[in-house]
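One structure is given below, encoded as structure tokens.
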Amino acid sequence: MVIRAATSSKEINSGGKIDTAEKLTADRIENAVRDVLTSTQFIDIHTHLYPPAFGKIGLWGIDELLTYHYLEAEFFRHSDVAPERYWSLPKRDQADAIWRTLFVQNTPISEASRGIIAVLQAFGLSTDSTDLTEARAFFADQSLDTHIKKVLQMAGLSTVVMTNDPLDPDEMQVWMNGVQNDAQFQPVLRLDRILCEGSDPWPQLISQGYNVDRRASPVCIKEIRRFLSDWQRRMRPVYMAISLPDTFQFPEDSAQSRLLREAVLPSCREFDLPLSLMIGVRRQVNPRIRLAGDAVGRADLRSLERLCRDFPENRFLVSVLSRENQHELCVYARKFSNLMPFGCWWFLNNPSIVEEITRERIEMLGTSFIPQHSDARVLEQVIYKWTNTRRTLAPILAQSYHLACEDGRSITRQEIERDVQRLFRSNFEKWTRQ
Ligand code: HDL
Ligand code: ZN
């Protein structure tokens, strides 16, 4: 289903233009909401997408779409192919196996499998073929530059925000060689390798000329700040980011905690950048299924409370992975105006849960939050992820306006446009000083 500016529902006045200042009667609110959501270009504030200059790091096309770790997890449930056997297959054979199992032998009714159907439909491709011949021919025929522009236009996106890991060997090379800035792709400095337990960035940092050590000594702290300054200059990120386990505690007596307090937070203040915290992952609960092997755990958000309270000059963009943490995240957002909740992340990005989270956010925060990001890893996923977001949010937003009307406050299209701009653009632009 392709995002198109709705035309029939537009209320055209005698002058042939929409009267956006006109107070909407109740029966016209939902149409106006759908129309504004459809015709507004959003900013996708967290993805794993890349412009052509990043080469193979950027994923696109049917074989990558089908071997998405969300679908691999579902494949292992439906198939008796052992993970080890699956991993030994070439990518095309993996995609064939997933298509056959999830789309031919079973009905694609899960969120992730329906997404593939929506993408095929959006490109006018058959959605019930027994094999991938037609889809592969279509994608093979696309030139990436044009294809990216078309896909972002179909998804109703003006901009996508990347995830850039300065310690990933392939990605580091792209930055070191100097990469052309692409206005539709905004960089983010991702710090998992530095701040996550279990990672061992030190040899690589030392090889890049930084005098660091595992104890996070005062010299090391200074060197990590120099590293952050070098990469801020090279990358010009719109924020710094880290994903954290459900066990995340702050403060605690650890090198990571010292690095966060004495290097990362001061650097964010120095460069006036928000810090994105994505909290609640339980990494590799089933290593056999690799990227699909991560799970979720309820976090102790008192650590977030201490960060927001003790660092009022820092701005925090926060997404939490556990459904059980959502309500308290809203409450914390009411306590701390340097906390911006965003998205229905990963296992939460399903209509039943998106609805619950979005309704409680509107009830407690009005429009002072960022409803969604796609987390897309493969380019064409943004088509279905944003179609789903618009489809799920329209009735929720409309209902909020209906309640306001019933309580005595009428709504104009202009106000709906202002609210949607804020939710999907200006809250982020303001937070990142754009
Ligand atoms: O750490 C992250 O950015 C997460 O979004 C992971 O990439 C996760 O694997 C994912 O793809 N979630 O949608
Ligand atoms: Zn992500």
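The first residue in the sequence is number 1, and the count goes up from there. Counting convention: from 1, in listed order, for ligands and their atoms alike. Treat the numbers as computed from the prediction; the structure is a model and nothing was measured.
Nearest non-hydrogen protein atom to atom 13 (O) of ligand 1 is Tyr70 OH, 2.4 Å. Protein heavy atom closest to atom 2 (C) of ligand 1, with residue, atom name and distance, is Arg190 NH2, 3.3 Å. Nearest protein heavy-atom neighbour of atom 10 (C) of ligand 1: His69 NE2, 3.6 Å. Nearest protein heavy-atom contact of atom 5 (O) of ligand 1 is Asp375 OD2, 2.7 Å. Distance from atom 4 (C) of ligand 1 to its nearest protein heavy atom, with residue and atom name: Trp345 NE1, 3.6 Å.
Residue-level check: among N/O/S atoms of Asp375, OD1 sits closest to the Zn ion (ligand 2).
For the pair Arg390 and Phe42, the cation sits on the ring face: its NZ or CZ lies under 6.0 Å from the ring centre, inside 45° of the axis.
A salt bridge is absent between Arg283 and Asp246; no separation between the charged side-chain nitrogens and carboxylate oxygens falls under 4.0 Å. With respect to the salt-bridge test (charged N to carboxylate O, under 4.0 angstrom), the residues Arg282 and Asp294 do not qualify. A salt bridge links Arg225 with Glu270: the closest approach of a Lys/Arg side-chain nitrogen to an acidic carboxylate oxygen falls below 4.0 angstrom.
At least one heavy atom of Arg283 sits closer than 4.0 Å to an atom of ligand 1.
None of Thr389, Ile353, Thr392, Leu393 except one satisfies the side-chain contact (heavy atoms from CB on, under 4.5 Å) rule with Thr358; the exception is Leu393. Applying side-chain contact (heavy atoms from CB on, under 4.5 Å) to Val238 and the options Leu273, Leu189, Val161 leaves one that passes, Val161.
Residue nearest to atom 7 (O) of ligand 1, selected from His46, Met278, Arg377: Arg377 (by heavy-atom distance).
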